[in-house]
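Working notes for the structure below.
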Amino acid sequence: MCGSVGMFLGCTALSACPLAELLRRDGGEVDYRSPFDRWDERASVRRAPRRLVEAEEGPYFPSELMAVADHPLVRALSPQDFRTVQLRHLHRYLRFTIELETKYVNPVALALASHGYGLDLPARMKLDAMRVYTDEAYHALVATDLLMQSEERSGVPERRRPPGFAVAFAELVAQAPPGRTALLELVFVGVSETLITGTLSQLPRAREAPSGLRDAVRDHASDEARHHRYFSAVLAEVWSALSAEDRVEVGALVPTLIDIFLRPDLDPVAADLVEAGLTEDQAALVVAETMGDERVAGQRARVAESAVRAFEAAGALADTAVRHAFEDAGLPAA
Ligand SMILES: [Fe+2]
Ligand SMILES: [Fe+2]
């Protein structure tokens with residue numbers, strides 16, 4: 001059974017998979033326009049060179065994209081201590097990418113390519129799922145490579161821990177009925193794949209971005225633009241296959257899934273600041289004043305806009321209760 005993340009791999013119980021039953025439907029051919037027509041020329045895995053962490057001195061991560069960087073207590077750190085904060089930020093950014101691609105997106109991509117969750121997906125859509133799978137494996141490879149290079153350059157090993165989204169999503173799944181797990185994983189990946197381009201678009205434009213990281217993120221963003229279109233089509237298929245009752249139940253959970261994905265991971269940031277020389281009280285103050293709920297709420301709504309649009313286009317917000325759940329979460333439809 002598809003009981004937890006990653007369990008689709010080699011799944012032999014598809015005929016009994018609750019999601020396959022839930023989504024099985026009769027239907028005509030899906031009208032699908034592939035975003036991957038020129039994938040062989042355009043995919044990063046096909047055309048991009050290896051990305052390198054520069055050997056010379058320079059920032060590991062652009063400070064303009066680090067919420068804590070503007071706080072007076074952080075500005076007062078020595079350049080060396082601030083570089084440590086930037087290095088830790090880079091490590092967490094890359095670990096987030098590796099975990100997301102390998103443990104969440106790719107198990108779903110593989111499931112779409114194989115059984116397709118019982119949806120009546122065209123063969124081209126299943127083949128495209130394998131292209132997504134290949135892209136995501138490449139993104140995880142690049143992130144791992146950059147992480148190892150940065151460890152070597154700095155002599156500072158990553159302080160490895162699971163990203164906050166992984167912990168929060170596991171808690172949500174644990175509270176849901178067991179038969180819901182596969183659907184929640186699919187919809188969570190739908191969330192991440194329809195809003196990730198917003199996140200990725202900022203780094204390549206950052207003034208201070210080191211060139212290897214900037215180019216790697218630009219590669220990633222160009223692949224994700226195709227994934228966004230692909231998963232928008234997948235979500236439309238999922239929603240048209242759900243019963244009216246399930247649409248309301250799952251649709252009302254989407255704002256929570258968006259929040260889980262975008263919620264800042266505060267404890268590791270505070271730990272980074274303590275490592276750089278702040279006291280625990282100072283670190284807590286910096287985090288509260290730069291990454292508190294009010295500061296991030298507006299930002300979150302902007303970043304989530306593209307995902308909200310994708311779910312709306314899929315029909316997820318057609319029900320009034322679901323629409324209200326989005327509005328209550330500060331994520332109004334366009
Ligand atoms: Fe990716
Ligand atoms: Fe993706």
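Every number for a ligand or one of its atoms is a count from 1 in the order of the listing.
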Verdict with supporting geometry, D145 and R50, salt bridge (Lys or Arg N to Asp or Glu O under 4.0 Å): CA-CA 9 Å; D145 190 15; R50 185 184 179 204; 2.7 Å; yes

Shortest-distance N/O/S atom, E193 versus the Fe ion (ligand 2): OE1

Salt bridge (Lys or Arg N to Asp or Glu O under 4.0 Å) assessment of R226 paired with D128: CA-CA 10 Å; R226 283 182 283 278; D128 283 347; over 6 Å; no

Angle at the Fe ion (ligand 1) (to 10°), with one arm to OE2 of E224 and the other to ND1 of H139: 100°

Ring-ring centroid check H115 Y117, cutoff 6.0 Å: yes

Short N/O/S contact of H227 with the Fe ion (ligand 1) (below 2.8 Å): no

The Fe ion (ligand 2) reached by D135 (N, O or S, under 2.8 Å): no

Contact flag E101/the Fe ion (ligand 2), N/O/S atoms, threshold under 2.8 Å: no

Step-by-step side-chain contact (heavy atoms from CB on, under 4.5 Å) determination, F82 to S63: CA-CA 9 Å; F82 185 63; S63 57; 3.7 Å; yes

Residue pairs, two or more places apart or on separate chains, that pass salt bridge (charged side-chain N to carboxylate O under 4.0 Å, His left out) and touch residues 320-334: E312-R323

Residue D223, metal the Fe ion (ligand 1), N/O/S under 2.8 Å: no

Minimum-distance atom from the Fe ion (ligand 2) among N, O or S atoms of E136: OE2

Test applied, side chain to side chain donor-acceptor pair (under 3.5 Å); reference residue, H227; option that passes from E136, R131, H139: E136

